[in-house]
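The structure appears below as structure tokens.
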Number of protein chains: 2
Amino acid sequence: MTCVTRNVRTYDHFCLTARALERVGDRWSLLVVRDLLTGAKRFTDLMDRLGGITPKTLSQRLRELEDADIVTADREPGRREVWYRLTPTGADLEPVIDALNWWGVRHSWRLPRPGEPLHAEHLLRAAVQAVDLATDDREPVRWHFRLDGTDYLAESDGHRWSLTAQAPPAPAWADVTITATTDALAARIFAQSDLGIDITGEPEPVRRFRQLIGTLATVVGPG
Amino acid sequence: MTCVTRNVRTYDHFCLTARALERVGDRWSLLVVRDLLTGAKRFTDLMDRLGGITPKTLSQRLRELEDADIVTADREPGRREVWYRLTPTGADLEPVIDALNWWGVRHSWRLPRPGEPLHAEHLLRAAVQAVDLATDDREPVRWHFRLDGTDYLAESDGHRWSLTAQAPPAPAWADVTITATTDALAARIFAQSDLGIDITGEPEPVRRFRQLIGTLATVVGPG
DNA sequence: CTGGATCCATGATGATACTG
DNA sequence: CAGTATCATCATGGATCCAG
């Protein structure tokens with residue numbers, strides 16, 4: 001019996017949704033894109049965030065995403081590290097990640113479970129979208145988070161929120177600076193606990209930050 | 001050697017994107033959602049559209065999507081057919097499909113290949129998004145397509161386009177009625193051929209339809 | 001005919017260990 | 001740091017069959 005198995009990686013349809021999924025529909029692929037949306041990362045940076053992925057699978061996914069013109073690898077001679085970043089085509093996937101994350105926030109938002117891998121970057125992404133979901137407040141603002149020693153910038157331009165992993169481009173660039181550990185931020189969001197959190201800035205932006213972040217626990221659904 | 005393999009179906013992360021992908025990230029899952037977005041379908045309706053899927057995989061996916069509260073099955077006593085439709089949670093996935101399809105249109109739009117499965121519904125979804133992408137024209141309009149004997153409604157409400165599979169709710173509801181086969185519509189879009197196409201309606205809406213549909217061939221990218 | 005179920009082959013993924 | 005190697009397991013596809 002000759003079983004000529006069709007390639008599992010393709011659908012061979014004209015449909016553009018199917019062809020998009022041929023490029024990013026594999027297990028882990030969109031999570032790699034998610035983590036590169038906040039900026040270039042090294043192999044081990046990605047391993048940290050993609051809890052449970054094996055190095056074999058990660059290197060395979062990175063090569064497939066390179067072949068699909070979604071990721072490029074910066075390999076400078078004389079430097080050990082390889083920095084992976086999104087191509088313009090890959091960066092165009094941001095609405096896909098946003099839509100998935102938005103759906104997840106609406107239908108699966110819940111407290112973190114004990115021992116569940118929870119990276120600061122993902123908690124922050126969820127929190128920013130939950131703010132967007134829970135309130136009508138879209139006033140421009142710039143929040144600087146320093147979580148577990150890494151800097152993130154969350155900003156609203158009046159229409160959309162964005163999240164990047166980088167230090168503020170200039171002193172006093174941010175309206176509020178929040179310093180904490182990932183766990184302390186989770187406790188702030190889900191239990192209104194200020195333990196281990198430092199919030200600095202002008203009184204009004206700080207008040208607004210506290211008010212917006214305070215609404216997030218109420219978003220908790222059945223999930 | 002006892003290899004305790006982690007469940008391949010889950011990521012076990014807090015991240016909402018990962019948890020969304022646990023529910024819809026399997027092969028074929030989002031394509032099932034795509035086809036239910038235009039309205040309820042039977043098992044064989046889905047088989048027709050999901051070219052290459054095996055009945056085993058389709059029934060497995062449908063049960064998983066039922067368990068995930070994304071799809072419900074209408075099984076009326078005394079009726080042979082089972083009608084699958086989206087739950088409200090499943091319908092909320094429309095922005096995810098739109099984002100994927102939009103990315104596909106921008107980066108993989110090309111002529112259909114000979115023999116490539118091409119369903120009217122998917123060509124129409126692609127065309128509507130390509131119109132949205134290629135022009136600034138968002139004026140409200142209602143187009144009625146009858147393709148291979150099935151009715152579809154494409155409409156703009158002034159902001160967004162939507163596509164459903166149904167006959168017009170009333171006579172004269174649509175501004176333009178287009179009757180064709182899938183192949184003839186493809187020839188109209190990609191080769192400006194009116195062969196086998198019938199377009200009726202008031203002169204101005206018809207002119208606008210022709211103008212918008214005529215821009216689509218120029219969207220063709222490198223893919 | 002619709003709506004599946006069954007069996008097996010294959011390939012994708014994971015666990016673990018190891019290397020330049 | 002950035003992977004590779006080996007082996008085990010599971011998900012998916014192909015082909016076939018079946019009940020209402």
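A note on names: the letters A, B, ... follow the listed sequences, proteins ahead of strands, and every chain is numbered from 1.
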| said: Salt bridge or not between B:K41 and B:D35? Use side-chain N to carboxylate O under 4.0 Å. | reply: no
| request: Kindly say if B:S59 contacts the phosphate of C:dG3, meaning a side-chain N or O under 4.0 Å from OP1 or OP2. | output: no
| said: Tell me whether B:D98 is salt-bridged to B:R34, with the criterion being a basic N under 4.0 Å from an acidic carboxylate O. | reply: no
| said: Base, sugar-phosphate or nothing for A:T54? Non-hydrogen atoms, less than 4.0 Å. | reply: base
| query | How long is the line joining CZ of A:F43 and C1' of D:dT4, in whole Å? | reply | 10 Å
| message | Nearest heavy atom decides the nucleotide; on that basis, is A:E81 or B:D26 closer to the 5' end of DNA chain D? | response | A:E81
| Presence of donor-acceptor pair under 3.5 Å, side chain of A:K56 and base of C:dG14 | yes
| request: Assign each of A:I53 and A:R80 to its nearest nucleotide of DNA chain C by heavy atoms, then name whichever residue's nucleotide is nearer the 5' end. | output: A:I53
| Does B:Y84 make a side-chain N or O approach to OP1 or OP2 of C:dG4 shorter than 4.0 Å? | yes
| said: Apply ring-ring contact (aromatic ring centres under 6.0 Å, His included) to residues A:F43 and A:W83 and explain how you reach the verdict. | reply: CA-CA 7 Å; A:F43 193 87; A:W83 287 87; over 10 Å; no
| request: Compare side-chain N and O positions of B:W28 against OP1 and OP2 of D:dA11 and report whether any pair is under 4.0 Å apart. | output: no
| query | So what does B:R75 hit on the nucleic acid, given a heavy-atom distance under 4.0 Å: a base, only sugar-phosphate, or nothing? | reply | nothing
| Across the strands shown, which category fits A:R63 at heavy-atom distances under 4.0 angstrom: base, sugar-phosphate, nothing? | sugar-phosphate
| query | Any salt bridge between A:R75 and A:E81, counting N to O under 4.0 Å? | reply | no
| field | B:R27 with A:E22: basic N within carboxylate O range, under 4.0 Å | value | no
| request: Using whole Å, report how far NZ of A:K41 lies from C1' of D:dA2. | output: 17 Å
| message | I need the CG-P distance between A:D45 and D:dG3, as an integer number of Å. | response | 12 Å
| query | Within this structure, what is the CZ-to-C1' distance between B:R9 and C:dA12, rounded to whole angstrom? | reply | 13 Å
| Length of the line joining B:L62:CG and C:dA5:C1', which is rounded to integer Å | 15 Å
| Phosphate oxygens OP1/OP2 of D:dG13: is one of them under 4.0 Å from a side-chain N or O of B:T57? | yes
| query | Within less than 4.0 Å of OP1 or OP2 of D:dG3, is there a side-chain N or O belonging to A:R42? | reply | no
| query | Does one side chain, of A:T17 or B:N101, offer a donor that lies under 3.5 Å from an acceptor on the other? | reply | yes
| said: So, does B:Q60 get its side chain near the phosphate of D:dT12, meaning an N or O under 4.0 Å from OP1 or OP2? | reply: yes
| field | Gap between atoms CG and P, on A:L58 and D:dC1 respectively (whole Å) | value | 14 Å
| N or O in side chain of A:T44 less than 4.0 angstrom from D:dA2 OP1/OP2 | yes
| query | Roughly, in whole Å, what's the span from CG in B:L46 to P in C:dG3? | reply | 9 Å
| In whole Å, what is the span from the CG atom of B:L50 to the C1' atom of C:dG4? | 16 Å
